[in-house]
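Contents: one structure, followed by commentary.
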Amino acid sequence: MTAALIAIGALVYTAWLLEVVLSTGLDPVRTYVSELAAQDQPFGGLFRATDLAAGSLVFAGAALALAHTLRARHTPRRPWTVIGWAGVTLFGAATAVDSRLPLSCTPTADPECAARETAGLVPATHTAHAVSSSLAMTGALVGMVALTLAARRYGLLPELARFGPPLVALELLATGWTLASVAAFEAGNGTWALGAGQRLQVLFVAVWLGLLALSLTREARRSRNREPREPRDPGRTPDPRSAGGTERPEAVAG
């Protein structure tokens with residue numbers, strides 16, 4: 001269940017790519033991704049809905065894994081795993097909240113909006129949106145670093161252990177680019193391709209979430225293959241509860 005929720009959430013989190021085929025009127029190199037969901041944008045409702053869905057799905061999957069980790073009795077509680085799932089849970093929750101706090105206008109594309117924002121004449125949701133967005137990306141970074149480190153340190157999820165580090169490195173570079181661009185924009189020095197940096201930032205988060213979901217799915221299959229099979233009694237009706245297996249997020253949440 002955890003892998004499925006996170007996989008679908010990661011896919012929905014890339015809904016901003018629809019700007020390639022939709023006439024949003026916003027320059028993807030210069031504008032915030034969240035400006036696609038602004039209240040004055042033609043497709044704002046669509047992007048707010050996809051952000052809400054993505055955040056809710058990832059939150060549900062990560063919260064299940066975190067709860068399983070904290071309840072586990074037969075496996076050692078690994079601190080990096082707990083921190084990682086807590087980070088992903090925060091990311092999902094903050095992303096969902098972020099969708100309910102949309103910008104009223106587009107400051108990087110509309111000079112009047114930027115002037116009102118500087119003068120404090122925009123709704124309080126602008127400030128709240130900045131806080132929730134910051135929390136979401138902080139949670140994503142904590143989750144990416146901690147779970148990738150857990151996979152390598154504890155010998156779990158070989159796919160995440162192998163491909164996670166380069167994704168984390170790319171995410172950190174994109175985050176640095178985004179923060180520098182935001183600082184330049186707020187200082188009145190242009191956008192420094194803010195939109196491109198931020199789009200890479202959220203894209204790497206989505207790809208990493210997809211890798212996490214894939215790793216959990218494959219680990220669940222490996223676990224089922226390792227489970228000893230009882231000899232079948234031809235005279236006994238099999239118990240349907242013993243068939244198949246369940247996904248085990250403790251592969252990285254143990």
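In this chain, residues are counted from 1 in sequence order.
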In the structure I gave you, are the side-chain heavy atoms of V205 and F91 within less than 4.5 Å of one another anywhere? yes

Side-chain donor-acceptor distances from residues 156-164 under 3.5 Å, at least two apart:
from : atom 1 : to   : atom 2 : distance (Å)
E159 : OE1    : R222 : NH2    : 3.4
E159 : OE2    : R222 : NH1    : 3.1

Distance check, rounded to the nearest 0.5 Å: E219 atom CD versus R224 atom CZ? 10.5 Å

Could you tell me the separation between the OG1 atom of T175 and the CG atom of L200, rounded to the nearest 0.5 Å? 10.5 Å

Give every residue pair that meets the disulfide (SG to SG under 2.5 Å) criterion with at least one member in residues 94-146, sequence neighbours excluded. C105-C113

For residues T178 and Q198, is any side-chain donor paired with an opposing acceptor at under 3.5 Å? no

Does one hydrophobic cluster hold both L141 and V97, with members joined at side-chain heavy-atom distances below 4.5 Å? no

If you measure from CG on L149 to CD1 on I83, what distance do you get to the nearest 0.5 Å? 9.0 Å

Is there a path of hydrophobic side-chain contacts, each under 4.5 Å between heavy atoms of I/L/V/M/F/W/Y residues, joining L101 to M137? no

Here the disulfide (SG to SG under 2.5 Å) pairs for residues 124-215, sequence neighbours left out, are none

Nearest 0.5 Å, please: how far is OG1 in T50 from CG in L11? 11.0 Å

A150 to W80 - nearest heavy-atom pair and separation: CB-CB, 3.9 Å

Counterpart residues, side chain to side chain donor-acceptor pair (under 3.5 Å), relative to T148 (two or more places apart): W208

Which heavy atom of A63 sits nearest a heavy atom of T89, and at what distance? N-OG1, 3.6 Å

Heavy-atom nearest pair, V12 first then L57, reads CG2-CD1, 4.4 Å

Is there a path of hydrophobic side-chain contacts, each under 4.5 Å between heavy atoms of I/L/V/M/F/W/Y residues, joining L216 to F59? no

Spacing of M144 atom CE and L212 atom CG [to the nearest 0.5 Å]: 10.0 Å

4.5 Å side-chain heavy-atom contact, T106 and T31: no

Could you check if a side-chain atom of W177 sits within less than 4.5 angstrom of a side-chain atom of L173, using non-hydrogen atoms only? no

Okay, side chain of S133, backbone of A130: is any donor-acceptor separation there less than 3.5 Å? no

For E19, salt bridge (charged side-chain N to carboxylate O under 4.0 Å, His left out) partners two or more places apart: R199

Might you point out which heavy atoms bring A10 and L209 nearest each other, and give the distance in Å? CB-CB, 3.7 Å

Under the side chain to side chain donor-acceptor pair (under 3.5 Å) definition, can you give me all pairs with a residue in residues 34-48, not counting sequence neighbours? S34-H129, E35-T108

Verify side chain to side chain contact (heavy atoms under 4.5 Å, CB included) between L194 and Y32, making sure each step is shown before the conclusion. CA-CA 7 Å; L194 168 60; Y32 289 110; 3.5 Å; yes

Taking atom CG of L211 and atom CG of L167, what is their separation to the nearest 0.5 Å? 6.0 Å

Backbone N/O of A96 and side chain of S99: donor-acceptor pair under 3.5 Å: yes

Option among T127, T95, D98 that satisfies the side chain to side chain donor-acceptor pair (under 3.5 Å) test with S132: D98

Heavy-atom side-chain contact between T81 and Y154 under 4.5 Å: yes

Given L5 and L64, is the side chain to side chain contact (heavy atoms under 4.5 Å, CB included) satisfied, shown in steps? CA-CA 10 Å; L5 289 169; L64 282 173; 3.9 Å; yes

With a 4.5 Å heavy-atom cut-off, do V207 and L170 have their side chains touching? no

Mind checking whether V82 and L66 have side chains closer than 4.5 Å, heavy atoms only? yes

Path from V33 to F47 over hydrophobic side-chain contacts below 4.5 Å: yes

What's the verdict on side chain to side chain contact (heavy atoms under 4.5 Å, CB included) for L46 and L22, showing C-alpha distance, side-chain angles and the deciding distance? CA-CA 11 Å; L46 168 64; L22 297 176; 4.0 Å; yes

ILVMFWY network linking V202 to V182, side-chain heavy atoms under 4.5 angstrom: no

Heavy atoms of R100 and A49 approach each other most closely as NH2-N, 4.3 Å

Y13 to A206 - nearest heavy-atom pair and separation: CD2-CB, 4.0 Å

